[in-house]
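Following: one structure in structure tokens, then a few remarks.
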There are 2 protein chains.
Amino acid sequence: MSQKISDSTIRRLSVYLRLLEDLEKAGTPTVSSEELARRGGTTAAQIRKDLSLFGSFGKRGLGYTVAELASRVRRILGLSGAWRVALVGAGRIGSALFAYPNLASRGFHIVVVVDNDPEKVGTQWGEVRIRPQEELEDAIRSEKVDMAIVAVPVEAGQSVVDRVVSAGVRGILNFAPTPLQVPRDVWIKDVNLVIEMEALSYALSQGGED
Amino acid sequence: MSQKISDSTIRRLSVYLRLLEDLEKAGTPTVSSEELARRGGTTAAQIRKDLSLFGSFGKRGLGYTVAELASRVRRILGLSGAWRVALVGAGRIGSALFAYPNLASRGFHIVVVVDNDPEKVGTQWGEVRIRPQEELEDAIRSEKVDMAIVAVPVEAGQSVVDRVVSAGVRGILNFAPTPLQVPRDVWIKDVNLVIEMEALSYALSQGGED
DNA sequence: TCCTGTGAAACGGTTCACAGCC
DNA sequence: GGCTGTGAACCGTTTCACAGGA
């Protein structure tokens, strides 16, 4: 079952799932790879290839059953249950993420918030109380946290990552704009807005020859 | 000069630039591809290949002059001047971005902020007054905006993108978690936190076989 | 007939290895 | 001798095209 699956395949599955859920809501019973490709801005062959890496979910001549495929993709992505997430850094980005509805609705529940600003510590955010940074490891363990979102200034990034890893977290979403070191069995995804903007800068300064 | 340059090359250049600026600050006069690779978590061959797509910036036997290479890369990425940016959506994510120091320090200046919440319209953010959504196109034109950051709810994403494009913007950073349509001469970069989290979900639910 | 599932071909990006210049 | 610049080999991903089942 687990051969070599590329990151881009996984990201596309995530997009397919969203499209499938839209179709589900709309009550569409079945969908072809062609139709899904049209909606997702990709190709039918790509979709069939992606899915074929995990099994045969369709029916020749008919397409895919929307509800069934959605459920299969959800299972592939590990989204059947809920994930428990720690947020490190309750600054502007952290608080925006905490309130971001799409995370919770997709099963990512922020159950721990940590910050090092004494003004913020003790504050209640919904059901979560902001804890001081010293409690990071304990909170991760007692709240059975699976993933961490790191939204701290660049200079604190590495030490925060080291600490969440030492407490047993194996998946990290990182907003600190610097390459961070993690052990090979820990997964880290970087969100770097400056890199995205600079890629735009490059594209625009090319003067527009497509 | 402009052959086919991949997006990944551009993103790596952005990383190299940051490393070079660190070296510049530290007063290091020259650097080899080997050394740069070590710091950036990549390979020396990769760096030489990336740079060779744009010219020959080093000296054989010596390496690269830090200040010169930084300046070259800055020019390649179109970062010599300043970019004027419109922020559409002054909600939590929008306000976090507005205050994000790394954007301004890299030459991305938010000169227009638009929101559709009457409570927010008229509020002053630093030097920028939040404008009503009707003024979007006018503001983009009068403020000579080059790029837009779209941080609005998913259902408003497409119409906002259509409007900024019609006003002449050709580079968009999009936070709306849905695939958006733009003309072929417009560049859009999506930041989709849910996809990142779902990629982590997949990795973790694989049970840890590397 | 229609549409999936999948080997095979094509493509593009990364790594290798070395010629060439300091 | 040291390190860059680059063609060639390699490798992973995408696209093609079609066999095969509904």
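Please read these numbers as outputs of a predicted model, since none were measured by experiment. Letters A, B, ... mirror the listed sequences (proteins, then strands); counts begin at 1.
- Two residues, A:Leu62 and B:Leu51, neighbour DNA chain D, and the one matched to the more 5' nucleotide by heavy-atom proximity is B:Leu51.
- Counting to the nearest Å, the P atom of D:dC3 and the CZ atom of B:Arg60 are 14 Å from each other.
- As rounded to whole Å, 15 Å separates atom P of D:dT4 from atom CZ of B:Arg72.
- One finds a side-chain N or O of B:Ser33 lying less than 4.0 angstrom from the OP1 or OP2 phosphate oxygen of D:dT4.
- Rounding to whole angstrom units, CZ of residue B:Phe54 and C1' of D:dT4 are separated by 17 Å.
- For DNA chain D, the neighbouring residues in residues 7-32 of chain B, judged by any heavy atom under 4.0 Å, are B:Ser32.
- A salt bridge (charged side-chain N to carboxylate O under 4.0 Å, His left out) with A:Glu198 holds for exactly one of B:Arg18, B:Lys189, B:Arg11; it is B:Arg18.
- Residues satisfying the side-chain hydrogen bond (donor to acceptor under 3.5 Å, both in side chains) criterion with A:Asn102, sequence neighbours excluded, are A:Tyr100.
- Between A:Lys49 and A:Gly63, the residue anchored closer to the 5' end of DNA chain C is A:Gly63, taking for each the nucleotide with the nearest heavy atom.
- Both A:Gly58 and A:Gly61 lie close to DNA chain C; mapped to their nearest nucleotides by heavy-atom distance, the more 5′-ward contact belongs to A:Gly61.
- Across the protein-nucleic acid pair, A:Ile47 atom CD1 and D:dC16 atom C1' stand 16 Å apart, rounded to whole Å.
- Residues meeting the side chain to side chain contact (heavy atoms under 4.5 Å, CB included) test with B:Arg163, sequence neighbours left out: B:Gln133, B:Leu136, B:Glu137.
- For the pair B:Tyr64 and D:dG5, the criterion of a side-chain N or O lying under 4.0 Å from OP1 or OP2 is met.
- Across every non-hydrogen atom of A:Leu97 and A:Ile110, the tightest pair is O-CD1, 4.2 Å.
- Residue B:Glu34 places its CD atom among 12 or fewer non-hydrogen atoms of other residues, nucleotides or ligands, all under 6.0 Å distant.
- Using cut-offs of 30° and 60° on the angle between ring planes, the pair A:Phe98 and A:Trp125 is tilted.
- Surrounding CD of A:Glu155 are more than 12 heavy atoms belonging to other residues, nucleotides or ligands, all under 6.0 Å away.
- Nucleotides of DNA chain C with any atom under 4.0 Å from a heavy atom of chain A span, from 5' to 3', C:dC2 to C:dA8.
- Screening residues 75-85 of chain B for side-chain hydrogen bond (donor to acceptor under 3.5 Å, both in side chains) gives A:Ser201-B:Trp83, B:Ser71-B:Arg75, B:Arg84-B:Glu143 as the qualifying pairs, with residues at least two apart or on separate chains.
- Residue A:Ser6 has no polar side-chain atom (N or O) positioned under 4.0 Å from OP1 or OP2 of D:dG12.
- Computed from coordinates, the A:Arg48 CZ to D:dT14 C1' distance equals 13 Å when rounded to whole Å.
- In this structure B:Gln158 satisfies the side-chain hydrogen bond (donor to acceptor under 3.5 Å, both in side chains) test together with B:Asp162, sequence neighbours excluded.
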